[in-house]
J.: 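Sharing a structure here in structure tokens format.
When a ligand or atom number is given, it counts from 1 through the structure's own listing order. When a residue number appears, it is its place in the shown sequence, counting from 1.
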Amino acid sequence: MSQSEAAVRLAVIPGDGVGPEVVAATIPVLEAALAVDGIVVELTELDWGGERYLREGAAMPTDAADIVGQHDAVLFGAVGRTDVPDDELVWGLIIGLRQQLDLAVNIRPVRAFPGVPTKVRDSDGVDLVIVRENTEGEYVGAGGLAHAGTGHDLGIEVAVHSRRVIERAAHHAFALAGRRSGRLALVTKSNAMRHGYPLWDRVVREVSEHYPDVTMEVVLVDAMAARMIQAPHSLDVLLASNLFGDILADLAAVLAGGMGMAPSANVRTDPGSVGIYEPVHGSAPDIAGKGIANPVACMLSGALLLEDLGHVGAAARVRDAVAAALVDPSHHTADLGGHATTAELSSAVLRKMEMHR
Ligand code: IPM
Ligand code: MN
């Protein structure tokens, strides 16, 4: 095997707030997991984010998509800082990347790890995945502000749902459900919205015909919000539009102990393309710089990254080590009710990996 075959070319965008802290805690864990298989990580650190925006007027360069394309995968920390309007940075970085790279789906697994406290009863053993459509819906940026400043200001935000995009997300979700429990819940709101969501229902039903081993139900998003807390074990794969998937992902994270535990993968649906892997939590400016952020969401995002690159063993090593570390409350960070620092939890994960080799 040549040198380059035994390397993962990883682009890293630490970004803003706690992003750099959780990314720094994650890289050594991914390196250690891959080292077992004799694979090295070739890191490219990209300084994209709020600081770059303040310095150069743009959060990322215009050839960002090309730069990303020169790597195998991207690990992304977080974007957002209090002195720059949120939408500027978000559109200038993560939403921009999702759209420019056409990252069709956002995979958001939610797993309750033994020993991690949650605020929800009966969340023990929860293990579900939200497949969120990642390029359309309310996130296309279509609309405008009319009569601005007249006192009759009119905000127009147009949601867009296309057959092609629904289909590709649906195929991804059904294939995933087929590899898991064979159960899929489509989340829409077709009782109140008469165009986009009925199209979702129709197209996803058509796609379901290709997956006879997967049973599908259609659940209204409001009912899903209640069910997620009341009967989370009745759920396995959820397929949702961009906005519904966004909202439900935060709710679902609570089942696993909160935002510090929620990983995600922004991926295309064609094999071999570059994905962006990011913790769902965001930049958390209130705790940034204190060294107390929970790095688990980022580490688990790293596990998704390794898995998608075919390094299944390394991915399992990361997850097993995280799980083993979390059993002991002395390794829990403040969000989990503990006193461990980011670095302490990271060291604990590394030690567990060492022990299980
Ligand atoms: C997420 C975030 C983003 C989203 C924001 C930062 C635009 O909340 O990844 O869930 O809404 O997609
Ligand atoms: Mn979100």
Side-chain angles (χ1 to χ4, degrees), residues 13-20 22-23 48-50 52-53 59-60 64 68 74-110 128-143 157-161 165 169 187 221 224-225 228 238-268 275-288 293-294 296-298 300-302 304-305 335:
I13 307 172
D16 305 326
V18 298
V22 295
V23 163
W48 304 353
R52 188 184 191 283
Y53 174 89
M60 63 179 176
V68 165
V74 181
L75 185 68
F76 184 94
V79 61
R81 48 185 293 154
T82 50
D83 52 358
V84 180
D86 262 345
D87 64 318
E88 279 286 329
L89 287 183
V90 154
W91 276 88
L93 193 55
I94 189 64
I95 295 186
L97 285 172
R98 287 175 186 164
Q99 297 197 349
Q100 284 173 38
L101 297 165
D102 203 19
L103 299 170
V105 285
N106 196 313
I107 307 298
R108 302 192 152 183
V110 173
L128 57 86
V129 184
I130 296 173
V131 177
R132 168 186 176 186
E133 196 289 307
N134 208 27
T135 60
E136 280 190 352
E138 295 76 3
Y139 281 69
V140 289
E157 198 82 49
V158 182
V160 171
H161 304 275
V165 160
V187 183
V221 65
M224 179 56 86
M228 195 166 259
L238 279 68
L239 171 61
S241 65
N242 210 337
L243 182 61
F244 291 172
D246 176 48
I247 297 166
L248 289 175
D250 280 29
L251 183 61
V254 176
L255 296 166
M259 298 308 293
M261 300 295 299
S264 82
N266 301 271
V267 291
R268 292 171 61 94
I276 300 184
Y277 299 79
E278 52 165 337
V280 179
H281 52 62
S283 61
D286 53 328
I287 58 161
N294 185 349
V296 167
C298 193
L300 296 176
S301 303
L304 293 170
L305 181 158
D335 57 311

J.: Checking Asn242 against Glu136: is there a side-chain donor and acceptor pair closer than 3.5 Å?
T.: no
J.: Under a 4.0 Å heavy-atom cut-off, which residues neighbour ligand 1?
T.: Val90, Ile95, Arg98, Arg108, Arg132, Tyr139, Asp246
J.: Using a strict threshold of under 4.0 Å (side-chain N to carboxylate O), is an ion pair present between Arg81 and Glu88?
T.: no
J.: Using modelled atom types and a 3.5 Å cut-off, is there a donor and acceptor pairing between side-chain atoms of Glu157 and backbone atoms of Ala159?
T.: no
J.: Please check if the side chain of Ser283 supplies one atom and the backbone of Gly17 the other of a donor-acceptor pair under 3.5 Å.
T.: no
J.: Can you name the closest pair of heavy atoms from Ser264 and Val280 and give their distance?
T.: CB-CG2, 3.8 Å
J.: Could you tell me if Tyr139 and Asn134 have a donor-acceptor pair between their side chains, going purely by distance under 3.5 Å?
T.: no
J.: Would Asp246 count as a contact for the Mn ion (ligand 2), in the sense that one of its N, O or S atoms lies under 2.8 Å from it?
T.: yes
